[in-house]
Amino acid sequence: MLDLKFIRENPDVVKQGIENKNEKSRIDEVLELDKKRREILVIADELKSKRNRVSDEVAKLKKAKEDATALIEEMKGVGEDIKKYDDERINVEAELNNLLAYIPNLPHSSVPVGKSAADNVEVRRWLPEGYNLDDPTETPDHLQIGKNLKILDFERGTKISGSGFPLYMGDGATLERALFNFFLDFHLEHHGYQEVMTPFIVNRESMKGTGQIPKMEEDMYTCEKDGMYLIPTAEVPITNIYRNDVLEESSLPIKYCGYSPCFRREAGSYGKDTKGFLRVHQFNKVEMVKFAKPEGSYDELEKLVNDAEDILKALNIPYRVLMLCTGDLSFSAAKCYDIEVWSPAEKKWLEASSCSNFEDFQARRANIKYRRSDDKNLSLFIHLMDRDLQPVG
RNA sequence: GGAGAGAUGGCAGAGUGGUUGAAUGCGGCGGUCUUGAAAACCGUUGUGGGCUUAUAGUUCACCGGGAGUUCGAAUCUCCCUCUCUCCGCCA
């Protein structure tokens, strides 16, 4: 969520940012509602002020054992008026908040303006010693390997749950477990992250806190009876660890790393990249989330990318780092690097990891602040960033 | 699932209709004293939203969340959530 005050004061900057992100702008409506809200607020506040004043008068008169019925009579209607204006304000606010929830984060100034994935910029690539991307040798894809070794059984996964629910067997299951175990151990040992294991089903407030709701509501698996959601990424529970909290500056940056299964309905995406692991309803992921001060957040983002690269180097996997252009950025991101690994079977780069800085966009939504140590009274929204990495796929 | 108890400021803990944004203690911050520190003493100490002739002033809201009663609610009524204790159930 963007800061309403910032929108009010910089409507053109906001509009331009949204346009660069290929999203639609409803800023004028927001500004109008914001104005309306403040007008109503002033009227209601004045009435409340009067009510408070007169109530004190009544209290004084009663204490002095004098007659207060005239004042009480005078105030009889005021309560109803206040309620009328408050109700009106609540309606306007609901409409306003609904609009705000659909306004994306603005791209950082260092992000190249572009329309689509074609405009993303390759920042660097790394290949193992002597690796040749143009090697024409036919390599079996993961489906074929999985079948040959009897370590993946998509057909039976479909029988158990439906399509898009992978079943790992024997060494396949062991490999999957070994990989996310390795990711976790590597980051804990070398990069100073703290491991967390979170609930995998969360409430609606948590989903709102990281912005999956309302925009992505259709893509979530729900437990309707309980009003709960299966997490689409561990980013949701990890970020919400500190929802409505004020952190101490000295504790920052906080670096969490956690494994979770991820559940996504992938509504409306059939027929596109649906082969094998490329787009499934349940997959495993190791997620990293940093809670940082605004000043250093872009340095932290670079480190986050480097941490991810270290893993791929350790596994000897060819990769490249892309900086996403404005048009390809996700709703909440201000800046994002994708790490793509080379698939020798498909002869193309496949996304393996995504490192985003959300700045204070999610922190404002989730109400996560920190208190500066030089000024105990000042609390600011912290900057959040996250990174995910999938074991197999 | 049934019965009971509870939820107040950073923490502990008063307050059951009228100057209560909230006693008191602890903690934090500033100061006095001291060569320095401790102790003692004095002062100060929440968040958010508005308005204005805007490093200030003023106002509104907030005592788990929501609705209600009232001229006036932390305090009374109703609903919800969560925590604790006891009973039942438990793949």
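So that the names make sense, note that chain A is the first sequence line, chain B the second, and so on, each numbered from 1.
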message: Would you measure the distance from the P atom in B:C26 across to the matching atom in B:C63 and give it in whole Å?
response: 27 Å
task: Taking atom types as modelled, find out whether A:K285 and A:T233 have a side-chain donor-acceptor pair closer than 3.5 angstrom.
output: yes
- prompt: Does B:G25 have a Watson-Crick or wobble partner in any strand here, with both distances under 3.5 angstrom, and which is it?
  reply: B:C11
- request: Would you indicate which nucleotide in B:C51, B:G18, B:U59 comes nearest to any side-chain atom of A:D45?
  value: B:U59
task: Between B:U69, B:G18, B:U47, spot the one nearest the side chain of A:K83, thanks.
output: B:U69
message: Applying the Watson-Crick and G-U wobble criteria at under 3.5 Å, what pairs with B:G88? Answer none if nothing qualifies.
response: none
field: A:H191-A:D310 side chain donor-acceptor pair, cut-off 3.5 Å
entry: yes
- line: Rounded to whole Å, CD1 of A:I43 lies from C1' of B:A61 at a distance of 17 Å
- prompt: What nucleotide, of B:C60, B:G49, B:C51, holds the atom closest to the side chain of A:R37?
  reply: B:G49
query: Counting only N and O atoms by type, is there a donor-acceptor contact under 3.5 Å from the side chain of A:S297 to the main-chain atoms of A:K293?
result: no
- prompt: Distance check: side-chain N/O of A:S55 vs OP1/OP2 of B:G18, anything under 4.0 Å?
  reply: no
message: Measure CG/A:L41 against P/B:C51 and give the value in whole Å, please.
response: 8 Å
A:N105 backbone acceptor or donor facing A:K21 side chain under 3.5 Å: yes
message: Please classify the nucleic acid contact of A:R204 as base, sugar-phosphate, or nothing, using heavy-atom distances under 4.0 Å.
response: nothing
- prompt: On a whole-Å scale, what distance lies between the P atoms belonging to B:C79 and B:U24?
  reply: 37 Å
task: Searching all strands shown, indicate the nucleotide that pairs with B:A40 (Watson-Crick or G-U wobble; both distances under 3.5 Å).
output: B:U32
message: For the C1' atoms, the ones on B:G66 and on B:C82, what distance do you get once it is rounded to whole angstrom?
response: 15 Å
message: Can you tell me which nucleotide in B:C51, B:G49, B:G18 comes closest to the side chain of A:R38?
response: B:C51
- request: Any strand is fair game: report the nucleotide pairing with B:G57 by Watson-Crick or G-U wobble, both distances under 3.5 Å, or none.
  value: B:C51
- prompt: When the P atoms of B:A7 and B:C76 are considered, how many whole Å apart are they?
  reply: 11 Å
Pairing partner of B:C78 (Watson-Crick or G-U wobble, both distances under 3.5 Å): B:G66
message: Can you identify which nucleotide, out of B:U47, B:A61, B:G50, has its nearest atom closest to the A:K369 side chain?
response: B:U47
- request: Could you tell me whether A:R53 contacts a base, only the sugar-phosphate backbone, or nothing, with contacts defined as non-hydrogen atoms closer than 4.0 Å?
  value: nothing
task: Write down the distance between CD1 (A:I90) and P (B:A67), rounded to a whole number of angstrom.
output: 6 Å
task: Please check if the side chain of A:R265 supplies one atom and the backbone of A:E218 the other of a donor-acceptor pair under 3.5 Å.
output: yes
message: Strictly by Watson-Crick or wobble contacts shorter than 3.5 Å, is anything paired with B:U83, and which nucleotide is it?
response: B:A5
Gap between atoms CD and C1', on A:E80 and B:C71 respectively (whole Å): 13 Å
field: Polar contact flag, side-chain donor to acceptor under 3.5 angstrom, A:Y319-A:E309
entry: yes
query: Just checking, any donor-acceptor pair under 3.5 angstrom between side chains of A:Y229 and A:Q212?
result: no
- prompt: B:U81 P sits how many Å from A:N244 CG, rounded?
  reply: 19 Å
field: B:A12 to B:G28 separation - C1' atoms, rounded to the nearest Å
entry: 15 Å
field: P spacing across the pair B:U16 / B:G64, given as an integer number of angstrom
entry: 15 Å
field: Nearest-Å distance for atom pair CD/P, residues A:E93 and B:C60
entry: 18 Å
- prompt: How far does the P atom of B:U8 sit from the matching atom of B:G2, given to the nearest Å?
  reply: 26 Å
query: What is the distance, rounded to the nearest whole Å, between atom CG of A:L96 and atom P of B:G50?
result: 10 Å
message: For the P atoms, the ones on B:A5 and on B:A23, what distance do you get once it is rounded to whole angstrom?
response: 29 Å
query: Among the nucleotides B:A61, B:U47, B:G18, which one has an atom lying closest to any side-chain atom of A:R51?
result: B:A61
query: Any donor-acceptor pair under 3.5 Å joining the side chain of A:N52 to the base of B:G72?
result: no
query: Can you tell me the Watson-Crick or wobble partner of B:G72, both distances under 3.5 angstrom?
result: none
query: Should A:P237 and A:S206 count as side-chain neighbours, where that means a heavy-atom distance under 4.5 Å?
result: no
task: Quickly work out the A:I82 CD1 to B:U69 P distance and round it to whole Å.
output: 13 Å
query: Taking the nucleotide of RNA chain B with the closest heavy atom to each, which residue, A:D3 or A:K60, is nearer the 5' end?
result: A:K60
message: Go nucleotide by nucleotide along RNA chain B from the 5' end; which of A:M75 and A:D87 gets its closest nucleotide reached first?
response: A:D87
- request: Measure from the side chain of A:V42, starting at C-beta and using heavy atoms only, and say which of B:G50, B:C71, B:U59 lies closest.
  value: B:G50
